[in-house]
Amino acid sequence: MEILVTGGAGYIGSHTCVQLLEAGHDVVVLDDLSNSKRETIKRVEELAGKPLRFLQADLKDRAVLERTFADHAFDAVIHFAGSKSVGESVRAPLDYYFNNVYGSLVLFDTMRRFGVKKLVFSSSATVYGLPRSCPIDETFPLSATNPYGRSKLMIEEILRDLAASDPEWSIALLRYFNPIGAHKSGRIGEDPNGIPNNLIPYIAQVAVGKLPQLMVYGGDYETRDGTGVRDYLHVEDLAAGHLKALDRIRSAAGAEAYNLGTGKGYSVFEIIRAFEQASGRPVPFVVTRRRPGDVAECYADPSKAKRELGWEAARGIEEMCEDSWRWQAANPNGYDAEPDAGRRSS
Ligand code: NAD
Ligand code: WQD
């Protein structure tokens, strides 16, 4: 198949592109590099041993999208492109609605006009808001606690309306839980800008010596050790879920949501221990106040994805931490060259 991958230079997109190329698909990546680097695409091609077509462009640019759809006969679109920082979305909600919601509208409208009606969309467990219990299945009520989450929820609603209006649409709404880990090679991985907001990139930078210590946000939750529990899944398993979803939308119509998670929850303390084990480095931490908006526990019931997509997460927490560490240790500055690279010592 010929697949358009928006946001394919990003963390999850890059891992998915390697698997798409390996499976023999033709891949066109459209990414404005607002949160990623051109170097990632080079590494994706190296890992897959095959080229893809890369277009540095903004999803919101209607003319570029039209040209891209006119130049290719896409069979399906995987839509990763969007902004994803919860905190930033609270400070700049219009940027989030503009980039995520308006960008998606431009994409969906172009798809409709060119008759490309198969879509895999990156949704998030954040659409469950403050879940009443765990595990969370796809029938749980949807809500949002911040503009980022609301943008995902709005896009889901738009896609459900679209599928209801025209039976030719076939859409998978993939609700990711907490993706971590990296490709086994250590060549591609998560490269956040500035100080990370998320747990694993933060821990990885503490272990590699870039940050002094981890702040554990809350030690008084009603969980087994008082710290927050999440459903971490390996990004390679998550990427594989996109290929399974592509298979599904080839035959099934409508818009269907799927949880992609392992179904297991790990606490912050358990993750610290697993990361220390995987890296052989200490991860100093202090327990501080709860982070506003955090829930005590969030983990998936992933049985619908198993039943309908034939997808199941295969990798455990040890492998997730080992692979995150391999990437971090080999690329302490992410995709940027070492600050001293090329400089001669005197
Ligand atoms: P990422 O930031 O690494 O990747 C997103 C990519 O989209 C980046 O390469 C960025 O440059 C690109 N992009 C952003 N706006 C664009 C625009 N207007 N036009 C073209 N390209 C644009 O993020 P990720 O972690 O790979 O996440 C991918 C998707 O999955 C996002 O939609 C995100 O909201 C969603 N998601 C991520 C997580 C997570 O924890 N990483 C969890 C749930 C859902
Ligand atoms: C995990 C656990 C924190 C950092 C976020 C988004 C969500 C989704 C995935 C996109 C929690 C604790 C964290 C730190 C800590 N993204 N923690 N110290 O909050 O589950 O989900 O990313 O859709 O929308 O909200 O992930 O990695 O930030 O936190 O103690 O420095 O680690 O309190 O219990 P979260 P996270």
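Numbering of ligands and ligand atoms starts at 1, following listing order.
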Subject >> Atom indices of ligand 2, in the order listed, that fall short of 4.0 Å to a heavy atom of T126 >> reply: 24 (O)
Original post:
Which of the numbered atoms in ligand 2 are below 4.0 angstrom from a heavy atom of V268?
Top reply: 12 (C), 32 (O), 34 (O)
Original post:
For ligand 2, which atoms, with element, lie under 4.0 Å from some heavy atom of S124?
Top reply: 10 (C), 23 (O), 24 (O)
Subject >> Heavy-atom proximity to atom 38 (C) of ligand 1, best of S124, A81, P179 >> reply: P179
Original post:
So is L199 polar-close to ligand 2, meaning N/O to N/O under 3.5 Å?
Top reply: yes
Original post:
Given that the side chain starts at C-beta and the backbone is N, CA, C, O, which of these parts of N99 lies under 4.0 Å from ligand 1, counting heavy atoms, or is it both or neither?
Top reply: side chain
**OP:** Report yes if some N/O of R230 lies less than 3.5 Å from some N/O of ligand 2; otherwise report no.
**Re:** yes
Original post:
N/O to N/O below 3.5 Å, does that happen between M215 and ligand 2?
Top reply: yes
Subject >> Atoms of ligand 2 close to Y148 [distance to a heavy atom under 4.0 angstrom, numbered from 1] >> reply: 10 (C), 23 (O), 24 (O)
Subject >> Region of A125 engaging ligand 1 - heavy atom pairs below 4.0 Å >> reply: neither
Original post:
If you measure from each heavy atom of G8 to ligand 1, is any distance below 4.0 Å?
Top reply: no
Original post:
Nearest heavy atom to atom 35 (C) of ligand 1: which of F80, Y148, F121, Y11 does it belong to?
Top reply: Y148
Subject >> Under 3.5 Å: N/O of E190 near N/O of ligand 1 >> reply: no
Original post:
Is the closest basic N to carboxylate O distance between E138 and R175 below 4.0 Å?
Top reply: no
Original post:
Charged N to carboxylate O below 4.0 Å: is that the case for R112 and D109?
Top reply: yes
Subject >> Among I180, V216, T145, N197, closest by any non-hydrogen atom to atom 4 (C) of ligand 2 >> reply: N197
Original post:
Among all protein non-hydrogen atoms, which one is nearest to atom 5 (C) of ligand 2, and what is the separation to 0.1 Å?
Top reply: N198 ND2, 3.6 Å
Subject >> Proximal atoms of ligand 1 relative to K60 (non-hydrogen, under 4.0 Å) >> reply: 18 (N)
Original post:
Are the aromatic ring centres of Y176 and H242 under 6.0 angstrom apart?
Top reply: yes
Subject >> Per-residue contact class, K152 against ligand 1 - non-hydrogen pairs under 4.0 Å >> reply: side chain
Original post:
Side chains of R43 and N331: donor-acceptor distance under 3.5 Å anywhere?
Top reply: yes
Original post:
Of all the heavy atoms in S14, does at least one lie under 4.0 Å from an atom in ligand 1?
Top reply: no
**OP:** Decide, yes or no, whether a salt bridge links D220 with R290 under the criterion of side-chain N to carboxylate O below 4.0 Å.
**Re:** yes
**OP:** Identify the residue among S104, S123, S122 that makes a side chain to side chain donor-acceptor pair (under 3.5 Å) with H79.
**Re:** S104
Original post:
Going by heavy atoms, is K84 under 4.0 Å from ligand 2?
Top reply: no
Original post:
Can you check whether Y176 has an N/O within less than 3.5 Å of an N/O in ligand 1?
Top reply: no
Subject >> Close approach, Y176 and ligand 2, non-hydrogen under 4.0 angstrom >> reply: no
Subject >> Residue part near ligand 2, for N178, under 4.0 Å between non-hydrogen atoms >> reply: side chain
**OP:** Identify, for atom 19 (O) of ligand 2, the protein heavy atom at the shortest distance, and state residue, atom and that distance.
**Re:** R291 NH2, 2.8 Å
Subject >> Ion pair E157/R160, N-O distance below 4.0 Å >> reply: yes
Original post:
Can we say K42 and E39 salt-bridge, meaning some charged N sits less than 4.0 Å from an Asp/Glu carboxylate O?
Top reply: yes
**OP:** Flag the pair E236 and K184 as a salt bridge only when some basic side-chain nitrogen lies within less than 4.0 angstrom of an acidic carboxylate oxygen.
**Re:** no
**OP:** Nearest heavy atom to atom 1 (C) of ligand 2 wins, so pick from Y221, Y232, F177.
**Re:** Y232
Original post:
Is S123 in polar range of ligand 1, meaning some N or O pair under 3.5 Å apart?
Top reply: no
Original post:
Numbering the atoms of ligand 1 from 1, which are under 4.0 Å from a heavy atom of L33?
Top reply: 11 (O)
Original post:
Does ligand 1 have a heavy atom under 4.0 Å from the side chain of T6, from its backbone, from both, or from neither?
Top reply: neither
Original post:
Is L30 in polar range of ligand 1, meaning some N or O pair under 3.5 Å apart?
Top reply: no
Subject >> Contact check, S34 vs ligand 1, heavy-atom distance below 4.0 Å >> reply: yes
Subject >> Between F177 and Y299, ring centroids under 6.0 Å >> reply: no
